[in-house]
Amino acid sequence: MKTRNALILTCTLMVATATSASAPVSAAPGPETPAGNSAGPGVGFDAVVPAPVSAVPTPGVRYRITHKTALYSDAPEVGTQFATRLRRSTGYPIPIVGKPPRDGISLRLTGGVPGGDEAYRLEVTARGIEVRANRPAGLFNGVQTLRQLLPYAADSDTVRPGPWTVPGGRITDSPRYPYRAAMLDVARHFFPVAAVKRYIDQIAFYKINHLHLHLSDDQGWRIAIDSWPRLATYGGSTAVGGDPGGHFTKADYREIVAYAGARNITIVPEIDLPGHTNAALASYAELNCDGVAPPLYTGIEVGFSSLCTSKEITYTFVDQVLGEIAALTPGPYLHIGGDEAKSTEPADYRAFMARAQASVAGHGKTVVGWHEIVQAETPPTAVAQYWGTTQNDDAVANAGRKVIMSPASRSYLDMKYNPQTRLGLTWAGLIEVKDAYDWDPGAYLTGLPAEQVLGVEAPLWSETLRTSDDIEFMAFPRLPAIAELGWSPYRTHDWDAFKRRLAAQGPRWKTMGVDYYRSTQIPWPAGS
Ligand code: ACM
């Protein structure tokens with residue numbers, strides 16, 4: 001049995017030297033860039049994460065952003081975001097102009113770019129920079145790549161000296177998978193809107209396009225539900241270790257959805273059912289089979305709670321909660337958990353999940369569930385999220401359903417990097433950067449047809465995490481590894497190349513103030 005017990009206590013010891021075993025390998029060379037094509041060490045067509053489909057530098061050519069550079073965009077939001085960022089770091093006016101400038105940056109919806117809505121083409125010549133795409137999502141992705149072709153300082157929040165040189169060349173790019181996600185557990189510890197937005201900015205930089213929010217668990221209910229108000233006000237009042245609770249109002253949630261949407265990220269809300277429900281059971285006695293509400297829970301055991309599957313009120317509750325969440329959520333998916341329902345009899349689980357899934361469909365959404373949902377009958381459109389620790393699960397492989405790959409021993413960002421890591425748990429193993437990177441989502445689960453893989457997701461559970469710094473230290477540098485598995489063609493998969501490209505991200509994170517784990521596996525440039 002997998003439990004998330006024990007090692008949490010070590011986080012209170014706060015070993016301040018968690019990164020001391022990973023001093024920068026200053027003697028290691030940075031990524032090589034062809035002569036005349038580099039805007040500085042680690043900046044160039046061979047330093048982009050995730051690796052593009054095709055990147056061809058033009059030796060000797062470069063474009064320089066100056067006080068004269070203007071920006072045109074067919075997608076106003078994408079253009080404004082990029083211009084704002086450039087103004088902050090360069091101090092230049094970067095005016096947004098009404099037609100593609102002779103000297104400047106053009107973001108254009110021209111159509112005809114192979115690879116779908118998220119595909120883009122980027123061309124840098126001595127005269128300017130052009131990104132072309134079919135949809136705003138593609139322009140957004142092209143801009144994220146362009147940010148990595150700029151000097152590190154371009155992502156500074158304060159004015160830096162420059163020069164602002166972009167190496168010449170052409171990139172053609174599109175994703176391997178349509179679903180590339182991160183998950184944030186706001187239930188074990190609550191993270192306010194500002195922290196969620198901060199994480200959205202960080203994951204969007206790596207072309208992650210879904211954020212799964214784990215909104216309820218035994219330790220906390222984190223979203224206001226009008227028909228069951230005590231869920232948030234009481235069920236959300238605490239957290240693991242008795243830490244402060246909190247919840248999102250509906251306005252908060254809408255703000256997150258909008259902020260994410262402007263960054264090509266769809267929110268996937270999760271209400272975990274029928275287990276992981278102590279916060280709900282504590283809030284409403286009538287949801288318990290014995291009619292007695294249990295106390296709030298602040299530990300980190302799993303599998304002890306279950307909604308009462310034999311009571312009709314349970315199904316009213318589920319339908320009303322899912323209805324309110326569906327009404328707040330423009331994206332297609334509603335995640336209903338279904339994991340670790342160890343306190344629900346198997347027959348009851350199957351009957352309950354059938355009704356919960358009917359509720360999701362009734363509210364016009366597509367079901368996502370942790371992979372245990374294949375034990376119940378699922379509609380053909382249901383998506384199973386595989387979180388196992390082995391490569392063998394026939395029930396999932398043969399279910400005939402789309403699968404999101406989140407193998408815990410590879411993609412769980414809350415696992416420690418090494419035994420000394422001051423945060424995180426170990427039940428799925430230690431996960432160094434190479435472990436997170438060196439697997440193929442398309443061939444990982446034995447017997448699962450490659451075309452059934454919808455994509456990848458990196459979950460981050462928060463039993464031991466309290467702050468944005470904590471989130472960042474566990475997510476970076478592993479999140480970019482998972483992002484690359486989701487985006488890049490598998491023919492680009494190469495650990496030695498990846499670790500050099502990843503090394504080039506270190507100075508960017510330092511510039512952005514992103515805390516990260518200085519893995520000794522990565523040849524970080526000196527000073528990053
Ligand atoms: C899970 O880690 N229980 C999905």
Side-chain angles (χ1 to χ4, degrees), residues 1-8 179 181-189 210-220 222 240 268-280 297 299-307 333-344 349 353 356 367-376 378 382-391 393 395-396 399 401 403-416 423-431 436 441 444-445 454-465 471 474-475 478-479 482:
M1 182 171 106
K2 301 171 190 95
T3 56
R4 301 151 189 282
N5 50 12
L7 291 159
I8 187 167
Y179 187 98
M183 187 209 82
L184 186 61
D185 172 11
V186 295
R188 271 48 177 273
H189 278 99
H210 290 78
L211 175 64
H212 167 186
L213 289 175
H214 185 74
L215 291 167
S216 69
D217 213 302
D218 291 318
Q219 299 86 347
R222 307 303 182 195
V240 164
V268 180
E270 180 188 354
I271 299 297
D272 203 346
L273 304 167
H276 290 277
T277 42
N278 189 77
Y297 181 70
I300 60 164
E301 291 298 328
V302 297
F304 60 88
S305 58
S306 178
L307 292 175
Y333 298 118
L334 230 170
H335 199 308
I336 54 171
D339 58 319
E340 297 178 307
K342 300 174 204 288
S343 299
T344 316
Y349 176 85
M353 289 308 274
V367 167
V368 185
W370 298 105
H371 68 248
E372 292 97 317
I373 62 158
V374 303
Q375 294 159 16
T378 57
V383 177
Q385 183 170 7
Y386 181 68
W387 64 279
T389 52
T390 77
Q391 294 187 238
D393 189 323
V396 179
R401 299 292 176 262
V403 177
I404 296 165
M405 292 302 298
S406 298
S409 44
R410 299 288 188 163
S411 71
Y412 268 32
L413 301 178
D414 59 310
M415 291 300 116
K416 290 176 182 289
L423 300 167
L425 304 176
T426 57
W427 60 264
L430 301 171
I431 305 181
Y444 193 75
L445 195 57
L454 184 65
V456 291
E457 179 175 312
L460 182 52
W461 302 99
S462 65
E463 287 95 332
T464 67
L465 313 181
I471 291 173
M474 299 310 275
R478 293 180 292 196
L479 184 279
I482 304 297

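Just follow the structure's listing: the first ligand is 1, and inside any ligand the first atom is 1.
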Undergrad: Of all heavy-atom pairs between Ile431 and Ala436, which one has the smallest distance, and what is that distance?
TA: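 Where Ile431 meets Ala436 most closely, the heavy atoms are CG2-N, 3.9 Å.
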Undergrad: Side chains of Glu340 and His276 only: does a donor on one sit below 3.5 Å from an acceptor on the other?
TA: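 A donor-acceptor contact under 3.5 Å links the two side chains.
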Undergrad: I'd like to check the side-chain hydrogen bond (donor to acceptor under 3.5 Å, both in side chains) partners of His371; sequence neighbours left out, ordered by chain and number.
TA: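 With neighbours one apart ignored, the set is empty.
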Undergrad: What I want to know is whether Trp370 and ligand 1 share at least one N or O pair that is separated by under 3.5 angstrom.
TA: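 No; the residue has no nitrogen or oxygen that sits under 3.5 Å from a nitrogen or oxygen of the ligand.
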Undergrad: Return yes or no for this condition: an N or O of His276 is under 3.5 Å from an N or O of ligand 1.
TA: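 His276 vs ligand 1: no N/O contact under 3.5 Å.
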Undergrad: Report, in ascending order of atom number, the atoms of ligand 1 lying under 4.0 Å from any heavy atom of Tyr412.
TA: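 Once the distances to Tyr412 are compared, the set is 1 (C), 2 (O), 4 (C).
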Undergrad: N/O to N/O below 3.5 Å, does that happen between Trp427 and ligand 1?
TA: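 No - when backbone and side-chain N and O of Trp427 are compared with those of ligand 1, no distance drops under 3.5 Å.
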Undergrad: Any donor-acceptor pair under 3.5 Å linking the side chain of His189 with the backbone of Leu465?
TA: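 Indeed, once roles are kept as given, a pair shorter than 3.5 Å links the two residues.
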Undergrad: Going by the atom numbers of ligand 1, which of them fall below 4.0 Å from some non-hydrogen atom of Trp461?
TA: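 Every atom of ligand 1 under 4.0 Å from some heavy atom of Trp461: 1 (C), 2 (O), 4 (C).
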Undergrad: Out of all atoms in ligand 1, which are within 4.0 Å of some heavy atom of Trp387? Include the element for each.
TA: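 Under 4.0 Å from Trp387, ligand 1 has these atoms: 1 (C), 2 (O), 3 (N), 4 (C).
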Undergrad: Tell me, please, which residues at least two apart from Asp185 pass salt bridge (Lys or Arg N to Asp or Glu O under 4.0 Å).
TA: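 For Asp185, the residues satisfying salt bridge (Lys or Arg N to Asp or Glu O under 4.0 Å) (neighbours in sequence not counted) are Arg188.
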